[in-house]
There are 2 protein chains.
Amino acid sequence: MSNRVTLKDIAREAGVHVSTVSRALDPNSNISLTNEVSSRVRKAAKKLGYRPNRLAAGLRTNRSMSIGVMIPDIANTMFPPIVRGIESVLEPLGYATIVVNTDNDPDREHRLTEVLRERGVDGIINVAAMRSDPGLSNVVDQGTPVVTLNRRLDQSPIPYVVSDEKSGINLILKHLFELGHRSVGHIAGPKEFSTGNARAMAYKEACEQLGLAESSTVISYAKSFDETEGQRCVLELLQNCPTITAIVCANDRLAFGAYLGLQAEGLSIPEDVSVTGFNDMPMLDLVRPKMTTIRVQKFEAGRASAELLLKSIRGDNHGAVGTVLPVELKVRDSTSEPRETPD
Amino acid sequence: MSNRVTLKDIAREAGVHVSTVSRALDPNSNISLTNEVSSRVRKAAKKLGYRPNRLAAGLRTNRSMSIGVMIPDIANTMFPPIVRGIESVLEPLGYATIVVNTDNDPDREHRLTEVLRERGVDGIINVAAMRSDPGLSNVVDQGTPVVTLNRRLDQSPIPYVVSDEKSGINLILKHLFELGHRSVGHIAGPKEFSTGNARAMAYKEACEQLGLAESSTVISYAKSFDETEGQRCVLELLQNCPTITAIVCANDRLAFGAYLGLQAEGLSIPEDVSVTGFNDMPMLDLVRPKMTTIRVQKFEAGRASAELLLKSIRGDNHGAVGTVLPVELKVRDSTSEPRETPD
DNA sequence: GTAAGCTACGCAATCGTTTGCATGATAGAG
DNA sequence: CTCTATCATGCAAACGATTGCGTAGCTTAC
């Protein structure tokens, strides 16, 4: 069936031993070969159209040259840029990336981890963003390097890449404060997600620093990071605290849900209520009013996590390393001065 | 380092030969084993936490249990649902999918094909959507089954999955016709893409059937399927034929570009000009006015292509097979009666 | 002129599974 | 009670690459 060309075929063609072929074709072999032989072998390889069999090589070397990427859902536009960032580093080095979707299901995540390990991945980038993750350290202990993205395990030597959530929330609140808002609310993400949790903490802290003591308590917790929950939470906020003039949402999708809820109530954005997002998802420029949000680096986060993983794989990560990526405030049309300036 | 559990370990633990272990663990082994031995082996495997090494198995069986998926760009929201559809079939069967992005670059596509073959993928689903593809048949000839999605190679036994482009365009034009539009234009996709080409052909045909002889020639060809080109083309159309009251776009992104171009000209949608898209991309519900478009089945297309590929891999595809998926007209807010009803 | 040291390559084991074949044990037939 | 089928399991050779070690031939030094 598959008349695949192997080292043996090249060896026959070039009249040398298969081990010689292997060495001639290995760019960083430290074994010296005659130029004549080396070029003869390479010529034969090219002539026969040789393609190495990575499975066989991987079996012998115990390095499959593939890495696993675990994300919640590739259909969420947050993640493809991250994946491309990862690939931009790994693909040129000959790594294949196997992307799996966890759907935020811990069981599924666990099972998929096993699937990846069966395939002998050289490392795993976990973008699954749950805060507690028993078993992740196990994977590391069993010899598979791991890097987490958007997540940071406490007291763990696992390298991570995160965005500067705290600065992001600070930028947002300062922006609203400067516009004159004094009564603000927060739609927080689920606490199980480190992003949701970190942003809620940062929100409370920022409120207190700005002297918005009351606002720091006006929080509605979403059960998931989606539009439905955003819509539900915004109504909850309005009911609990009708005076608010601005809503800080833990991510863009919740903010879009807030849009829908406010519109349903006949309130206009930003005239009646200012709304902010977080992440600056791709395609976000399609929504109206254009959303004021925090831009986090997605492609770059992917790149950084891949670099960290490579270090772990090569063993030259000197202790735990973390990368915190800076964020940027993107002021657009969903925020303005409050209708009634206070006093 | 990696104290990985192998068949040998289980064999020692259970006091049997490794080949016996292999057979005990193979669910569809036709070799009979004593229940006692079989369960002893399985118990030992569970106890030691055995995970098979797919690389080794793949090397021996020449089936890697992985398949390659080639798409233009995972960051284009059209593609993630397709990928998920593919995985919904393949993942439960134990296949890993390796997704690669071609960026519509033929060189890159070719290189990535080799990368996939090096890894011994059992088959390839190509969603790259270029019309001419020398080399694709080569891959098939060399023993790797291929299925194309959104593309259909002429005179080729390669199975394919496509949407019913022609019906889609017919539905759109009929809808516009019934609203009263008699002067229509088309922003066509690049001819190199089968989708762009098929839709343009269908457009001309549908115009003629409806007696819109002139409209069948009012076509502007985009160089790529993006907003910039949509914007450029809409202006071109307006210049060439200022009387048009509706524009049929070859896909949603071109239509969105048309939105931008029309808005820049101070024209409103749909009052001044009706605009239609194609595909019904995810996130499209965010744009205003909500776009009238053709919904194509994305997840389902992925599923279908995976099923076809499995058939090819198992060798029970009786000749070339193709699947044409039905489409659906989604009437929303970007189409209405023309401002001046004719006569 | 011989010992020592390289150089350039071959030999063979190995990675973990699968699988055709061999074989010992058991059972059934006559 | 023997002969042959059948069954359950072991044996060993693959799959294709990598790599430590061995060695023939050559160079260099004394």
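Bear in mind that the values here come from a model prediction, so they are computed numbers and not experimental data. Residue numbers begin at 1 in each chain, while the letters A, B, ... track the order of the sequences.
- Over its full length, the helix from C/dG1-D/dC30 to C/dG30-D/dC1 turns its helical axis through 50°, comparing axes from the five pairs at each end and rounding to 10°.
- OP1 and OP2 of C/dC9 both lie 4.0 Å or more from every side-chain N or O belonging to A/His17.
- When heavy atoms are screened at a 4.0 angstrom cut-off, A/Val37 is found touching the sugar-phosphate backbone but no base atom.
- If you check every strand for non-hydrogen atoms under 4.0 Å, B/Thr34 touches sugar and phosphate atoms only.
- Using a 4.0 Å cut-off between charged nitrogen and carboxylate oxygen, B/Arg23 and B/Asp26 do not count as a salt-bridge pair.
- No donor-acceptor pair closer than 3.5 Å links the side chain of B/Arg40 to the backbone N or O of B/Gly15.
- B/Thr113 is not listed as a side-chain neighbour of B/Thr144, based on a closest heavy-atom distance of 4.5 Å or more.
- Comment: B/Arg303 engages B/Glu300 in a salt bridge, judged by a side-chain N to carboxylate O separation of less than 4.0 angstrom.
- When rounded to the nearest whole Å, the span between CG of A/Asn53 and C1' of D/dT18 equals 13 Å.
- Comparing atom distances between the A/Arg60 side chain and each of D/dT9, C/dT18, D/dA17 picks out D/dA17 as nearest.
- Comparing A/Asp26 and A/Leu55 against DNA chain D, the residue whose closest nucleotide sits nearer the 5' end is A/Leu55.
- Looking at heavy-atom distances under 4.0 Å, B/Ser22 makes contact with a base.
- Here the rule is side-chain contact (heavy atoms from CB on, under 4.5 Å) with A/Glu109, and of A/Asn101, A/Asn126, A/Asn104 only A/Asn126 fits it.
- Phosphate contact (OP1/OP2 of D/dC11, side-chain N/O of B/Ser19, threshold under 4.0 Å): absent.
- We find that CG of A/Leu59 is positioned 13 Å from C1' of C/dT18, with the value rounded to whole Å.
- A/Thr61 has no side-chain polar atom (N or O) that falls below the 4.0 Å cut-off from OP1 or OP2 of D/dT19.
- In the displayed structure, B/Asn35 atom CG is contacted under 6.0 Å by at most 12 heavy atoms of other residues, nucleotides or ligands.
- Sorted by first and then second residue, the salt bridge (charged side-chain N to carboxylate O under 4.0 Å, His left out) pairs involving residues 57-79 of chain B (not counting sequence neighbours) are A/Arg84-B/Asp73.
- The NZ-C1' distance, from A/Lys8 to C/dG10, rounds to 16 Å in whole Å.
- Note on B/Val18: a base of the nucleic acid sits closer than 4.0 angstrom, heavy atoms only.
- Nucleic acid contact class of A/Leu33 (heavy atoms, under 4.0 Å, all strands): sugar-phosphate only.
- Within the nucleic acid shown, B/Arg54 has no heavy atom closer than 4.0 Å to any nucleic acid atom.
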